[in-house]
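Scroll down for the structure; my scribbles are underneath it.
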Amino acid sequence: VGGGWAFLILLPWGQDLGALLLALGAGRRLWGLLAVDAESVRALGSGRSAASRTRQALFALRSAGALCLTALAARVDVLLLGILGTLSDVGVYSVAVGASQIVWLAGEAISVAVYGRLGRSSMAEARRLTVRIIRLTVAVTAAQCVLLAALDNPAVTFLFGDEYVDAARYLQILLLGSVVYCIIWPISAYFINARGTPGVVLTIAGPNLAVCLGACLLLIPAYGATGAALGSSLGYAAGGLLGAARLMRDGRRLQAETAT
């Protein structure tokens with residue numbers, strides 16, 4: 001979600017509007033992701049032959065599919081809470097979701113900024129750059145999470161009133177997963193732009209969504225919005241850890257290729 005939409009989600013304009021803005025933000029994110037994939041396809045070349053056009057189409061479909069699943073995983077908790085919970089729960093919870101996803105913006109921006117360099121670099125250089133970007137992203141995201149966690153209760157009460165005080169608790173739960181999940185952006189950029197293997201990102205995004213979906217379905221009926229926050233945070237952590245595992249596996253493969 002862009003900075004403007006993230007800010008709008010935090011405005012106290014009522015429960016219905018909070019949920020609506022989350023949906024609009026997801027649509028805007030999806031449009032932006034598809035635009036990025038169109039650029040990546042054009043970068044592959046003109047592709048005059050049928051085989052080349054097929055490769056380009058598969059590259060675009062896998063990239064778009066992975067990024068769409070990632071965007072859906074970031075919204076499935078709100079969707080299921082709207083179905084299994086109450087409208088009041090969605091209104092309060094949407095404030096926490098909007099605030100928690102602000103911390104992703106830095107990691108997304110840093111990853112986009114190095115897209116071109118990743119594509120031009122050798123595999124070894126691209127991997128080193130990715131590791132540096134991951135460290136920077138985690139440091140920046142962790143600092144933002146600590147600041148938000150320290151200020152969330154008084155800030156929510158001041159901005160929205162006592163009826164939204166539970167959003168502070170949901171936010172603290174969501175921030176735990178966000179610290180791990182932030183590495184998804186540089187890892188996705190590496191596999192799509194440097195390695196040219198968007199299918200790997202699909203193998204990360206699919207299980208990430210599955211964990212979010214399963215955990216929310218299990219926890220929301222019993223714990224309401226708290227269950228949505230727990231399920232979402234578990235999904236975030238699972239996605240980040242799986243991404244890190246795939247990156248380490250790719251590193252071992254590169255070392256084996258270099259040795260031979």
Side-chain angles (χ1 to χ4, degrees), residues 29-47 49 51-74 103-141 178-209 236-260:
R29 174 190 288 270
L30 174 58
W31 182 262
L33 293 175
L34 291 175
V36 169
D37 288 318
E39 289 295 331
S40 64
V41 171
R42 284 194 289 270
L44 291 178
S46 58
S49 69
S52 181
R53 286 195 296 270
T54 299
R55 287 194 299 270
Q56 290 178 6
L58 290 175
F59 183 93
L61 287 173
R62 289 168 181 161
S63 299
L67 295 172
C68 288
L69 287 179
T70 300
L72 182 57
V103 303
W104 295 352
L105 298 177
E108 290 184 71
I110 294 170
S111 298
V112 170
V114 298
Y115 271 177
R117 185 174 173 186
L118 284 172
R120 294 190 301 268
S121 301
S122 65
M123 289 299 103
E125 183 182 351
R127 180 175 172 79
R128 287 194 295 269
L129 176 60
T130 300
V131 172
R132 290 200 301 269
I133 294 302
I134 288 174
R135 290 171 180 166
L136 176 61
T137 299
V138 170
V140 172
T141 303
S178 294
V179 174
V180 183
Y181 190 71
C182 70
I183 67 174
I184 282 293
W185 312 117
I187 290 174
S188 297
Y190 169 77
F191 281 113
I192 293 175
N193 289 63
R195 294 291 273 168
T197 54
V200 173
V201 185
L202 265 175
T203 66
I204 299 170
N208 173 31
L209 175 59
Y236 293 164
L241 292 174
L242 182 56
R246 292 309 301 262
L247 185 65
M248 289 188 289
R249 179 181 175 184
D250 182 77
R252 291 192 294 269
R253 182 179 299 173
L254 281 177
Q255 288 179 346
E257 292 174 356
T258 303
T260 58

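In this text the structure is predicted, and so the values were computed from the model without any measurement.
- With sequence neighbours left out, the ring pair (Phe, Tyr, Trp, His ring centres under 6.0 Å) criterion links Y236 to W104, Y181.
- R249 CZ to L242 CG: the interatomic distance, rounded to the nearest 0.5 Å, is 10.0 Å.
- Using a 4.5 Å heavy-atom cutoff, the side chains of V201 and S63 are not in contact.
- Rounding to the nearest 0.5 Å places CG of L247 at 8.5 Å from CD1 of I204.
- Residues satisfying the side chain to side chain donor-acceptor pair (under 3.5 Å) criterion with R195, sequence neighbours excluded, are D250.
- Closest approach of G65 to L202, counting heavy atoms only: C-CD2, 3.8 Å.
- Closest non-hydrogen pair, T141 versus S178, comes out as CG2-O, 4.0 Å.
- Put simply, the side chain of Y190 does not reach to within 4.5 Å of the side chain of V200, judged on heavy atoms.
- By the side chain to side chain donor-acceptor pair (under 3.5 Å) test, R246 is found to be paired with T203, residues two or more places apart in sequence or in another chain being considered.
- The minimum heavy-atom distance linking L69 with A205 is given by the pair CB-CB, 3.8 Å.
- The two residues P198 and R62 come nearest to each other via the heavy atoms CG-CB, 3.7 Å.
- Of all heavy-atom pairs between I184 and G239, the closest is CD1-O, 3.3 Å.
- Contact of the R127 side chain with the M123 side chain is not registered, since no non-hydrogen atoms from C-beta on lie closer than 4.5 Å.
- The salt bridge (charged side-chain N to carboxylate O under 4.0 Å, His left out) pairs that include a residue from residues 111-124 number zero, where partners must be two or more places apart or lie in different chains.
- Side-chain contact between I187 and I134: present, with at least one pair of heavy atoms (C-beta onward) separated by less than 4.5 Å.
- Across all their heavy atoms, A237 and V180 have their closest contact at O-CG1, 3.7 Å.
- Residues that satisfy the side-chain contact (heavy atoms from CB on, under 4.5 Å) test with L118, not counting sequence neighbours, are V114, A126, L129, T130, A189, N193, A194.
- The line from OG of S188 to CD1 of I183 is 10.0 Å long, rounded to the nearest 0.5 Å.
- For A124, the side-chain contact (heavy atoms from CB on, under 4.5 Å) partners two or more places apart in sequence, or in a different chain, are S122, R128.
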